[in-house]
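Scroll down for the structure; my scribbles are underneath it.
Everything numeric in this text was worked out from a predicted model, so none of it was measured.
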Amino acid sequence: MSVAASIDPTTIVAQIAKGQQRNFPQGSNVQHDIQETTPDMSKLSNAPQEWDLATQLQTDQALLSSRGLAPFKSLSLSYDHLSVRGTGGVDNVEYGMSMGTFLAPWMSRRYRQKAAQIAAARHEDGVEDDTDMSWKQGSSTPRRGEAGLRKGEHYLLNEFSGLVKAGEMMLVVGRPGSGCSTFLKVLSGHRSGYAGVDGTVRYGSIEAGKGMRPYKGSVIFNSEEDVHDANLLVGRTLDFALRMSTPAANARLPNENGGPAMRRKEYQDKSKRELMKMFGLEHAHDTKVGDQYVRGVSGGEKKRVSIAEVLTTKASVQMWDNATRGLDADTAFRFVKTLRTLTDIEHNTTVVSLYQAGNGIYNLFDKVTVIAEGQVIYYGPRAEAKGYFEDLGFVHPDGGNTADFLTAVTATNERKIRDGYQGEIPTSASDFASIYAKSDIARRMREELDQYLADEVPRHETAIATAVIQKQKDRWALKSWPQRVDYFTQVQAALIRDYQQRWGDQCLGETTAAFSGRAVLSKHKGFSMYRPSAVLVAQTIGDMPIYFVTIAVFTLIVYFMTGLKYDAGLFFTYLLFTYLTTLCTTALFRLIGYAFNTFNAASKASGFVLLALSMYAGYVIYTPLMHPWFSWIRWIDPFYYALESLMSNEVDGLALDCVSPQLAPYGGDYANYAQGCAIAGADPNSTVLSGTSWLNVALSFRKSHVWRNFGILVAFWLFFLFICAIMIEMVPAAGTTRSVLLYKRGGGGRYLKQAKRDAGQPRDEEDGPNQTHLYEKHGHSSDGSVVEDRVHAAQTVLTWKNLTYTVNANGKPRQLLDNIFGYCKAGTLTALMGSSGAGKTTLMDVLAARKTEGEIHGEILMNGKPLPVSFQRSTGYCEQVDVHLPQATVREALEFSALLRQPRSLSDKVSRYIGLPELTVEQRKRLTIGVELVSKPTLLFLDEPTSGLDGQSSYLIVSFLRKLAAAGQAVLCTIHQPSAALFARFDQLLLLKGGGRTVYSERMIDIVSGELSKGRDWAQVWLDSDECQERRKELQELEHESADVDNAVEGDHYEYASTNIAQLRLVTKRASIQLWRDTEYVLNKFALHVIAALLNGFWMIGDAYADLQSRIFTIFLFVFVAPGVIAQTQPKFIHNRDIFETREKKAKLYSWHAFCFAEIVAEIPYLLVCALLYFVCWYPVVGFSFKPSVAGPVYLQMTFYEFLYTGIGQFIAAYAPHEVFAALVNPLLIGILVMFCGVLVPYDQITAFWRYWLYYLNPFNYLIGGLVSRPIWDVAVRCADDEYAIFDPPQGMTCNQYMSGFLAEAPGYLNNPQATGECQYCIVKKGSDYLQALNLGTKSDGWRDIALTFLFVVSSYGLVFLLLKLRSKRSKKAQ
């Protein structure tokens, strides 16, 4: 729906800005709102000097009005009969892929039947889905374009209708998996991740869809995940966002009332300064954002960066999905208060979904929507929500959060019913939805929506907003695109960021880098900040000077070191084609990176392309020798055109002296008689070879093609860039991809059936509901067996005092903890709180001995004694980030932890724990806690265990921790935004402020670090207090008391709980299961071998002299399987290593050598299959002998090579900081090994310095020797016509008579010994003669090289162990 043509938006804006009266329709409040929020500048001049957001916004609006500009733009949000359809409901079980799927494809049908049986069992047990929420057998199928469910679909959201006016804020609450995120995504226009969306969504009077495209940037969705470039500074992150969001000069703020517009840079600096002040980020301006691998700002600060980045867009309609996740209570409140201020003054439309919203936050909203299982159970005024549910008989807990109360009413084991209530209590989501639909509030909300849709206000509101939006766009920005700045500015901003990223990381890898930056690109695409292709153009422009300098240095070294022609024109031609080929190749591999959705698929394609380009460039296989089936590939191969130009540039016009062994005959007096040259293109009786002739005959290259090829290469480059631009534009925006829950194949039906009975609810694609609690089993009370007995080592006491921690930040020491003391004793639950960046996680890491860098000073004692060697594995540590192996099931993760951490005296059995099949955020957190609890820890550390959870889930987890403490467990956890009920569950509090200093106050975070602190040093107040002295005294007493108690634990003197054999067995089993289920990885490995073998271009190789080289090269091409497979192996190895180093190593689950052993052994079966696949696809085609003495050694050596390159890839990955770095090392190392193996450069032509040590240390030297020895040794050579050395014997002599002396020592033969003219001499008779150049003097040398290759295999795997050991750092201890 578009704005009516009769309304002139420009006129409206001008009239409003000048304060002119306009006759708006009856009921319109647009003019009133604008006048109400446009302040008088004379009044603002007397405003206080302290910066205030509301005052600043009003000042800015007044300045805009002084220029005749509209002070704000607003769009109301309405949605009517909105329904979202998804697939994979409760009855649609989807099984994960494994190699068994392909080895036994008939089993897939069996699993589908099994899923149907489970569904039938559910219905027999009375667990029925709501009638209207899922498709049922026999239901009618709607026509295309009609609303309704199709086969296999269910409703994620059903029949949502509502209105959020400009200037209103709506809160969306619901249990995890209820559909809150789906609701916000669809409201913001992100629909591609779902099966279908019915109903309408309107922004003002514009319906979501194509009509909204020019204004899409005014509607924004911010997910709860923080996605940033880890190596970019915080300030530069905001600079980039502001460069993309700065309005045009004719719509920009002036510096003074009525003055000219600010310059672009002034506006950006002002906006950044205000945003950083607003969210307390000034101190982090020059700090990297960071991630789990790059040190940067804290998690809370990163969330604030995400929020500030979104606010740079100044979008009119804003959707915030759990935006306060990871923020402390004060920062969360201030953020929502900021949204309230922006909504009131800027007339934004704001929809926010929150978990654990305190009453202070809750009261800032106008409306609230409560969702349960995809259905609306309340939508209406916020002030009436509490009373509505109380009228249904539910009791609001004293001191409880109202938002938590609204979501708890659907949880039958959590809600409380008012005593004496006689009405019917709803039990299901459908019951609640039905009651709400009949309520007076629902009727009023429907009337409000209908009145709005029938009114003229939306049209006028939309006219104003669209006019302002278009006016804010740059002069050259396309009005049909949502981006605010023109394309040139987008490229310029992206180019600046590109160089900042390169400077921050110094890593350049095309296919790999395309994936590492894709998440940020997807997020910004969702924000409509810029066209994705602008990033590609910026990267290309950024490449050009860097590559030019790099290639120039390379060319200067190689060109003159190798002694090529000293001619300026030829040198610059060489430089030009090398440079252009580099740009062309970069664009090609960048294209591949953006064309595929997974790194494995892109790596596979990259390997194929590189192999094909190299093989058909015209050198590995000479053009005349190419098989007709594949010779066409050279025409689409940029390497072919580049090589032809470079070779013609250098060789054309050369007169090359022919030397032995190509010269024949030679020695003695033969130089005085006729001689010939055994090279294609040589003239009879000539000892000089024309370079031009050799190019034309041997390679089919032409000098005349040089500048034609230049044009073709430029065309290839532009073509690759064009296709890459299309691919990058098709990268899905963040929030539009679909996630699917997978079950393990072969799992028992009773487990699935039990899971479905416990959670008989519609499956939400984004998450998924589940009512099973961590400490509950179906049919049992919450006091389950988990805490039946006293916990392990129930008398444990951890004490610390005078604790400081200092790190090196940008070359300067930075103290993160300052003289901390405290204790955590058995039976207590201690809360560690503080503002974001105060050092909570740092203190937790130091206490749990998880830090590997920095300096720790002070004293940490366990039971009055220094920490034992078993401390890390005997304590549980639940990280803030849930780190688990993706291919493992929940049950396997729990069992793996239990088996490795139980005492050595126990057998390898573990009690059955609850498996949670649907991993929502809540359940991943439960799994993290469960993995630690199965080890029966003496102490339990938890870093923000309630972050990202709703109020009920948070309360359940803290209540469970409370039960553990009651059973004797010592628990220390950091926590954000606790409600009063949640906070009351804790026994003790340790409160930190910025700088890692201890504070204590009743009104905690908002006083010590918020707006109420007023500059007072609360850390010093605490140190001077009587309670501080009492705690110190109690600390000393605990140390003395605990030191006298015998707390010996079985196996306390072991660093690891399990034996080395047990570690090797269990870790190897897990690694093997991971590969078995990672079908994409395994199949890509197989496919690369099969296609590489089929693309090997040599067909039934003959016995000519040139065929000997073909035999060498067809074998040599097998070497190039390695780069593609290594590119797949390394990311998997590094991701597994990161999981090991992040959690499992620090928990002392198993040792580093168990990890290395498992990663190596798990690959072995697949490497054996890879060698077999390549051999059977390649060996019969090339025509080699099938004698066991020939084929056997070749196959054995090929198998050894599979292990060799895997070991090489793994030892690079073992030490590499990340996969991008590893991807850069690979071509350097593989290139050196290939260059000095004696094939591309013969042994006698290798520079002496490298020849005498690097050649003999090169495993590829022995690899090639073992591969080529047998297939070539016994070959009887028959030269082709153009391969003979042709010369005339002296008059009166036959060829045999003339050559008799030479033939007595020479390895070749005469083709026409009795001829008296044009003698034809072939320089070798047998393949063994040819192998002399490869230092294979005897037939047994092949076996020698095979044995040496095996030794290199062993040594490469040894380097995996060594380099991972060198990378590993021991945890720091207090000194």
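- At a threshold of 4.0 Å, the pair K270-E274 counts as salt-bridged, since one of the basic side-chain nitrogens sits closer than that to a carboxylate oxygen.
- At distances below 3.5 Å, at least one donor-acceptor pair connects side-chain atoms of R340 with backbone N or O atoms of L364.
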Review point. Passes side-chain contact (heavy atoms from CB on, under 4.5 Å), I206 versus T466? Steps please.
Key: CA-CA 10 Å; I206 307 176; T466 54; 3.8 Å; yes
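- Under the rule for a side chain to side chain contact (heavy atoms under 4.5 Å, CB included), the partners of K265 that lie at least two apart in sequence or sit in another chain are Q268, D269.
- The two atoms that bring R243 and V485 nearest to each other are O-CG1, 3.5 Å, heavy atoms only.
- Proximity of a side-chain donor or acceptor of T343 to a complementary backbone N or O of M169 within less than 3.5 Å is not detected.
- The residues D486 and R475 are annotated as not salt-bridged, no charged nitrogen and carboxylate oxygen being separated by less than 4.0 angstrom.
- H347 NE2 to S316 OG: the interatomic distance, rounded to the nearest 0.5 Å, is 11.5 Å.
- Residues R590 and I728 fail the side-chain proximity criterion, which asks for heavy atoms closer than 4.5 Å.
- Across all non-hydrogen atoms, the minimal contact from A308 to L275 is O-CD1, 3.7 Å.
- A side chain to side chain donor-acceptor pair (under 3.5 Å) with S306 is found for exactly one of E224, E301, H228, namely H228.
- Atom CZ of R263 is surrounded by 12 or fewer heavy atoms from other residues, nucleotides or ligands within 6.0 Å.
- Smallest separation of non-hydrogen atoms from P254 and S66: CG-OG, 4.1 Å.
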Practice item. For the pair D60 and Q56, evaluate side-chain hydrogen bond (donor to acceptor under 3.5 Å, both in side chains) and give the outcome as yes or no after the intermediate values. Key: CA-CA 6 Å; D60 291 347; Q56 184 66 58; 3.1 Å; yes
Practice item. Check the pair N322, S353 against side-chain hydrogen bond (donor to acceptor under 3.5 Å, both in side chains), reporting the backbone distance first and the verdict last. Key: CA-CA 5 Å; N322 197 14; S353 70; over 6 Å; no
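- Within the structure, ring-ring contact (aromatic ring centres under 6.0 Å, His included) contacts touching residues 295-321 (residues at least two apart or in different chains) are W320-F335.
- Legend: ring-ring contact (aromatic ring centres under 6.0 Å, His included) pairs involving residues 241-260, not counting sequence neighbours: none detected.
- Two residues are said to be in side-chain contact when any heavy atoms from C-beta on lie closer than 4.5 Å; R202 and P458 fail this criterion.
- Side-chain N or O atoms of T350 include none that pairs as donor or acceptor with a backbone N or O of Q318 at under 3.5 Å.
- Counting all heavy atoms, side chain and backbone alike, P545 lies closest to Y499 at CG-OH, 3.0 Å.
- Proximity of a side-chain donor or acceptor of R484 to a complementary backbone N or O of T313 within less than 3.5 Å is detected.
- No more than 12 heavy atoms of other residues, nucleotides or ligands sit less than 6.0 Å from atom NZ of K216.
- Side-chain contact check for V289 versus D229: every heavy-atom pair is 4.5 Å or farther apart.
- Between L521 and K525 the shortest side-chain heavy-atom distance does not fall below 4.5 Å.
- The shortest distance between side-chain heavy atoms of Q483 and M244 does not fall below 4.5 Å.
- Taking OH from Y452 and OG from S76, the interatomic distance works out to 4.0 Å, rounded to the nearest 0.5 Å.
- Residues Q470 and P214 are in side-chain contact: their nearest non-hydrogen atoms beyond the backbone lie under 4.5 Å apart.
- No more than 12 heavy atoms of other residues, nucleotides or ligands lie within 6.0 Å of NZ in K210, so this atom counts as exposed by the packing criterion.
- Of the charged side-chain nitrogens involved, none lies within less than 4.0 Å of a carboxylate oxygen, so that E168 and K165 do not count as a salt-bridged pair.
- The CG atom of L64 lies 11.0 Å from the OG1 atom of T59; values are rounded to the nearest 0.5 Å.
- Looking at Q500 and D239, their side chains never come closer than 4.5 Å, going by heavy atoms from C-beta outward.
- Using a distance-only test at 3.5 Å, with no hydrogens or angles considered, a donor-acceptor pair links the side chain of R518 to the main chain of G593.
- What you find for A249 and A261 is that their closest heavy atoms are O-CB, 3.2 Å.
- Remark: the backbone N or O of F72 is not paired with any side-chain donor or acceptor of E346 at under 3.5 angstrom.
- With rounding to the nearest 0.5 angstrom, the CG atom of D498 is 7.0 Å from the CG atom of D543.
- Listed for the K473 side chain is a donor-acceptor partner under 3.5 Å among the backbone atoms of W481.
- For the residue pair C724 and Y594, the shortest heavy atom distance occurs at SG-CD1, 3.8 Å.
- You'll find the side chain of Q472 reaches within 4.5 Å of the side chain of K73, heavy atoms only.
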Practice item. Test side-chain contact (heavy atoms from CB on, under 4.5 Å) on F279 and V305 and set out the steps. Key: CA-CA 8 Å; F279 295 106; V305 174; over 6 Å; no
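- Between S74 atom OG and I464 atom CD1 the span is 7.0 Å, to the nearest 0.5 Å.
- In terms of modelled atom types and a separation under 3.5 Å, the side chain of K337 and the main chain of G360 share no donor-acceptor contact.
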Exercise for review: Starting from the C-alpha separation in whole Å, work towards a yes-or-no answer on side-chain contact (heavy atoms from CB on, under 4.5 Å) for Y487 and V537.
Suggested key: CA-CA 10 Å; Y487 196 78; V537 175; 3.6 Å; yes
Exercise for review: For R334 and R304, run side-chain contact (heavy atoms from CB on, under 4.5 Å): C-alpha distance rounded to whole Å, both residues' side-chain angles, the deciding distance at 0.1 Å, then the answer.
Suggested key: CA-CA 11 Å; R334 284 191 286 134; R304 284 182 264 164; 5.6 Å; no
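- At distances below 3.5 Å, at least one donor-acceptor pair connects side-chain atoms of R252 with backbone N or O atoms of M262.
- Side-chain atoms of K523 come within 3.5 Å of backbone atoms of V227 as a donor-acceptor pair (strictly under, hydrogens ignored).
- With rounding to the nearest 0.5 angstrom, the CG atom of L75 is 5.5 Å from the CE atom of M212.
- Ring-plane geometry between F240 and Y530 is classed as perpendicular, the angle between the planes exceeding 60 degrees on a 0 to 90 degree scale with a lower cut at 30.
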